[in-house]
Colleague: 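The following block contains the structure, expressed as structure tokens.
The analysis underlying the following values was restricted to heavy atoms, covering all of them including side chains, and did not include hydrogens, waters or symmetry mates.
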Amino acid sequence: MTTFPQPGAGSSPRPDRATAATPAQRAQKLAELGLALAPSGALDALTTELADAAGTPYSMVNWISDGQYFAGLHTPDGRSDLPAVGRRMSLDHGYCPELLHRTKPLVLPDVCSSSRFSGNPVVDMIGIRSYIGAPLVDLVTGMVFGTICAVGTEPRPGHTGQHSLHLIKTFRDRLWDILHTAPRPPLPPPHQTGPLPPQPHGTAPALPAAPDTQERDR
């Protein structure tokens, strides 16, 4: 089992690859953390801020198990010619699933510059041309259970990569702050492996380490 240092336990570098996990294991982790597959007003507001800062029409906070669920979502409204995106997406669509194996952010100024990314269905379905995203890594297991991302319909110049990297890391850290302060429901009984329904009150289970250990300097 891969573990990462707890806050104040040292400054050992994080491994580049996340611990492999099955969809069931990720679902269990989301349940343990009280992260329900339900819309969150706070996370919707955060994705709207990220979309504005990144200059993109789409932004998501994404919980990943056997599919993708956007607990936070900014998507074009009816006044835009761009298609709206719903709260759910399969694992073979988009670029957040690429982060399941990473501990570092992924910056793609032009997804069509690589054959690995240009064939993704969202290129034709939604017109996606750029992506920036960061994984959320559980300290106890080393697995990725979620992401935050901004997605654009125009390619970006290569020289914008460092700015995009700094931006997504800043919003990843803000997301950690929200998760650490939000009320969450009690832990499920041992036999319950699915995600919890939304509940406004309850005892908050422990979340992974604070953002300072989540690769701030990379």
Side-chain angles (χ1 to χ4, degrees), residues 1-5 13-38 40 43 46-47 50 56 58-73 85-109 111 114-123 125-126 128 130-151 164-165 167-169 171-176 178-179 193-196 207-209 211 213-216 218:
M1 175 184 297
T2 301
T3 57
F4 299 135
R14 295 176 59 199
D16 290 338
R17 291 189 63 81
T19 300
T22 66
Q25 288 171 324
R26 290 193 295 270
Q28 175 64 29
K29 178 53 62 177
L30 290 170
E32 290 175 358
L33 299 177
L35 300 176
L37 303 190
S40 164
L43 299 185
L46 182 68
T47 58
L50 173 55
T56 61
Y58 304 97
S59 178
M60 296 89 169
V61 170
N62 187 1
W63 305 148
I64 306 178
S65 54
D66 59 349
Q68 304 179 74
Y69 184 84
F70 305 137
L73 176 65
V85 171
R87 294 275 178 181
R88 296 182 181 272
M89 188 171 285
S90 64
L91 289 177
D92 60 353
H93 284 57
Y95 302 102
C96 283
E98 294 282 341
L99 295 174
L100 291 175
H101 310 293
R102 299 171 59 97
T103 61
K104 297 181 179 180
L106 176 64
V107 177
L108 301 174
V111 301
S114 167
S115 59
R116 175 181 175 184
F117 300 117
S118 62
N120 195 284
V122 297
V123 172
M125 291 175 57
I126 311 174
I128 299 306
S130 65
Y131 172 92
I132 55 173
L136 300 174
V137 183
D138 176 57
L139 265 184
V140 176
T141 63
M143 77 171 68
V144 173
F145 62 86
T147 66
I148 181 170
C149 71
V151 188
S164 296
L165 178 62
L167 181 69
I168 198 63
K169 289 165 68 175
F171 275 85
R172 175 205 58 198
D173 292 349
R174 288 185 59 189
L175 173 56
W176 278 116
I178 292 172
L179 296 183
T193 59
L196 294 172
L207 278 166
T213 66
Q214 295 291 328
E215 194 189 327
R216 274 190 185 275
R218 295 191 180 186

Colleague: Taking all non-hydrogen atoms of both residues, which atom of Ile132 and which atom of Ser164 are closest, and how far apart?
Modeller: CG2-CB, 3.5 Å

Colleague: Name the one of Arg87, Met60, Met89 that satisfies side chain to side chain contact (heavy atoms under 4.5 Å, CB included) with Gln68?
Modeller: Met89

Colleague: Counting N and O atoms only, with roles assigned by atom type, does the side chain of Thr19 sit under 3.5 Å from a partner on the main chain of Thr141, one being a donor and the other an acceptor?
Modeller: yes

Colleague: What distance separates Leu50 CG from Leu167 CG, expressed to the nearest 0.5 Å?
Modeller: 5.5 Å

Colleague: Is any side-chain heavy atom of Phe171 less than 4.5 Å from a side-chain heavy atom of Leu175?
Modeller: no

Colleague: Can you name the residues that form a side-chain contact (heavy atoms from CB on, under 4.5 Å) with Ser130, not counting sequence neighbours?
Modeller: Arg156

Colleague: Are side-chain heavy atoms of Val144 and Arg102 found at a separation under 4.5 Å?
Modeller: no

Colleague: Distance check, rounded to the nearest 0.5 Å: Leu165 atom CG versus Lys104 atom NZ?
Modeller: 10.0 Å

Colleague: Could you tell me the separation between the CD1 atom of Ile168 and the CG atom of Asp173, rounded to the nearest 0.5 Å?
Modeller: 10.5 Å

Colleague: Could you walk me through whether Leu30 and Tyr69 satisfy the side-chain contact (heavy atoms from CB on, under 4.5 Å) test, starting with their C-alpha distance in whole Å, then the side-chain angles of each, then the deciding distance to 0.1 Å, before giving a yes or no?
Modeller: CA-CA 11 Å; Leu30 290 170; Tyr69 184 84; over 6 Å; no

Colleague: Do Phe70 and Thr47 come within less than 4.5 Å of each other through their side chains, counting heavy atoms only?
Modeller: no

Colleague: Looking only at heavy atoms, which two atoms of Tyr131 and Cys149 are closest? And how far apart?
Modeller: CE1-CB, 3.5 Å

Colleague: Aromatic rings Trp63 and Phe145: how do their planes relate, parallel, tilted or perpendicular, breaks at 30° and 60°?
Modeller: tilted

Colleague: Throw together a table of side-chain donor-acceptor distances under 3.5 angstrom for residues 90-100, partners on residues two or more places apart or in other chains.
Modeller:
residue	atom	partner	partner atom	Å
Ser90	OG	Asp92	OD1	2.4
Ser90	OG	His93	ND1	2.9
Tyr95	OH	Phe117	O	2.8
Glu98	OE1	Arg116	NH2	2.6

Colleague: So which pairs with a foot in residues 19-30 pass salt bridge (charged side-chain N to carboxylate O under 4.0 Å, His left out), sequence neighbours left out?
Modeller: Lys29-Glu32, Lys29-Asp138

Colleague: If you measure from CG on Leu43 to CD1 on Ile148, what distance do you get to the nearest 0.5 Å?
Modeller: 8.0 Å

Colleague: Which residues satisfy the salt bridge (Lys or Arg N to Asp or Glu O under 4.0 Å) test with Arg88, sequence neighbours excluded?
Modeller: none

Colleague: Do the non-hydrogen side-chain atoms of Val111 and Asn120 ever get within less than 4.5 Å of each other?
Modeller: no

